[in-house]
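Down below is the structure, laid out as structure tokens.
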Number of protein chains: 2
Amino acid sequence: MRADAKRNYDRIVEAARELFREQGYDASLDEVAKRAGVGPGTLYRHFPKRENLIDAILQSWMDKVTDAADKALAFEGDDRALLLNWFEEYVRLISQHKGGPAKITRAMGDPESPIMTKCQVLAGANARVIDRLREDGALRDDVETLQVCRLVGGIATVADQSDLDPTAVRPMLEVVVDGLLT
Amino acid sequence: MRADAKRNYDRIVEAARELFREQGYDASLDEVAKRAGVGPGTLYRHFPKRENLIDAILQSWMDKVTDAADKALAFEGDDRALLLNWFEEYVRLISQHKGGPAKITRAMGDPESPIMTKCQVLAGANARVIDRLREDGALRDDVETLQVCRLVGGIATVADQSDLDPTAVRPMLEVVVDGLLT
DNA sequence: TTGATAACCGGAGACAGTCTCCGTATCGTT
DNA sequence: AACGATACGGAGACTGTCTCCGGTTATCAA
């Protein structure tokens, strides 16, 4: 990769990170290009689809995800509190940008999506927590981890789209937790 | 209302119903106008926002909703099956058009939305079922009906956006049901 | 250093969707 | 028939997506 190309690449990612934080994942890409000081052509060559850009932004995000799963597993307390904490963290992780919950949850099962690998990391982190509880015999025996991602992702999606605050999300997560535990 | 105005109004609603069924609630409104054989101006005068058009389409839908709630309450069987059946029906009701679950669930709590009253009917139908179970003492005591709508709406939303079939939705609803019952 | 060349840039503009404005046409009434 | 009120419709402004290609720049070999 040529030096100037890399420079532009980085500036675009930085500009996107900024604008997406302000306006969510649906912000105008031409506006991103403008902020990065490049033409639209340059942006679309590096990132043919919006999701390629989101993918680049989520690069550092993966560490946060695995860290969060580690912390959840290290939790000292009963299974219910552990799972509830993890779900709250899960929601927080995918809700950092407006439009994130829907985008990430949909990409979870879509092999065509450029952010699929990132979502796999999230799904993997979730699986670690779920499997741990399953081994303890604390879980219903028929739960699939992808289902869990969709359930929690669904709650995060409505919360995101209805501008609910975390206080309103918690009781919904409690219902899911109670439904999952034996 | 002038005769020609009413005629156009009806043609637009009919065209919209048709196109939305084919392409979902995000279909082009100019295309709706074209199919109805009117100019865009005419469409936007009758329906300033997309949701006004959706509102008109949902007119007949309200009957289906109350009917479904009646049927659910007339169900002979245990509480779990009753609630599960109702939730499946709820999902079906809001999933008739692509994009429906998200739109309806969001409008549920938005006083500005033109389809709010329609959503109230749905929320009311759900409340009847929930209250009946609450009176039977079958429910956790802290459940709010709006929360239930959001939970089930969230599941329907992810299912809609990920093109899941009802088979995949059922187990998720079961988790919610089990989390809600005592 | 210089020149060749492959890689890259950027912006004009095609395209699609939303929505408005206003000159024109139609309705309903007197 | 004539008039005022009402409604029509399409040109076009605006926004966002995405492409194409003439011009520029980095890189490297000589």
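Side-chain atoms are counted along with the backbone in the values below, which use heavy atoms only and exclude waters and symmetry mates. Naming: A, B, ... by sequence-line order, numbering from 1 per chain.
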- Message: If the threshold is 4.0 Å, N to carboxylate O, is there a salt bridge linking B:R80 and B:D78?
- Response: no
- Query: Base, sugar-phosphate, or nothing for A:T42, non-hydrogen atoms under 4.0 angstrom?
  - Reply: base
- Item | A:E18/A:R21 ion pair, N-O < 4.0 Å | no
- Task: For D:dA7, take OP1 and OP2 only and decide whether either is under 4.0 Å from a side-chain N or O of B:N8.
- Result: no
- Query: Do the charged groups of A:K71 and A:D67 touch, with an N to O distance under 4.0 Å?
  - Reply: no
- Which residue, B:Y9 or B:D30, contacts DNA chain D at a nucleotide closer to its 5' end, judged by nearest heavy atom? B:Y9
- A:K6 NZ to C:dC8 C1', in whole Å, measures 16 Å
- Task: Could you please name the option among D:dC18, C:dC8, C:dG28 that lies closest to any side-chain atom of B:A3?
- Result: C:dG28
- In whole Å, what is the span from the OH atom of A:Y44 to the P atom of C:dA14? 17 Å
- Any A:R45 side-chain N or O less than 4.0 Å from OP1/OP2 of C:dC8: no
- Provide, to the nearest angstrom, the distance between the CG atom belonging to A:L29 and the C1' atom belonging to D:dT19. 14 Å
- Charged N to carboxylate O under 4.0 angstrom, B:D110 versus B:K103? no
- A:R50 CZ - D:dC18 C1' separation (whole Å): 12 Å
- Query: Starting at CZ of A:R35 and ending at P of C:dG10, how long is that distance when rounded to a whole Å?
  - Reply: 18 Å
- Distance below 4.0 Å between A:S28 side-chain N/O and D:dT15 OP1 or OP2: no
- Just to confirm, is there a sub-4.0 Å distance from OP1 or OP2 of D:dC8 to any side-chain nitrogen or oxygen of B:H46? yes
- Contact class for A:D4 vs. all strands (heavy atom < 4.0 Å): base, sugar-phosphate, or nothing? sugar-phosphate
- Query: Do B:R132 and B:D79 meet the salt-bridge criterion of a basic N to acidic O distance under 4.0 Å?
  - Reply: no
- In whole angstroms, the gap separating P of D:dT17 from NZ of A:K34 amounts to 12 Å
- Item | Closest to side chain of A:P40, choosing from D:dG9, D:dC18, C:dC19 | D:dC18
- Please report, rounded to the nearest Å, how far the P atom of C:dC19 is from the CG atom of B:L43. 10 Å
- Query: Has the side chain of A:R2 got a donor or acceptor atom sitting under 3.5 Å from an opposite partner on the base of D:dT25?
  - Reply: yes
- Query: Starting at CD of A:E31 and ending at P of D:dC18, how long is that distance when rounded to a whole Å?
  - Reply: 16 Å
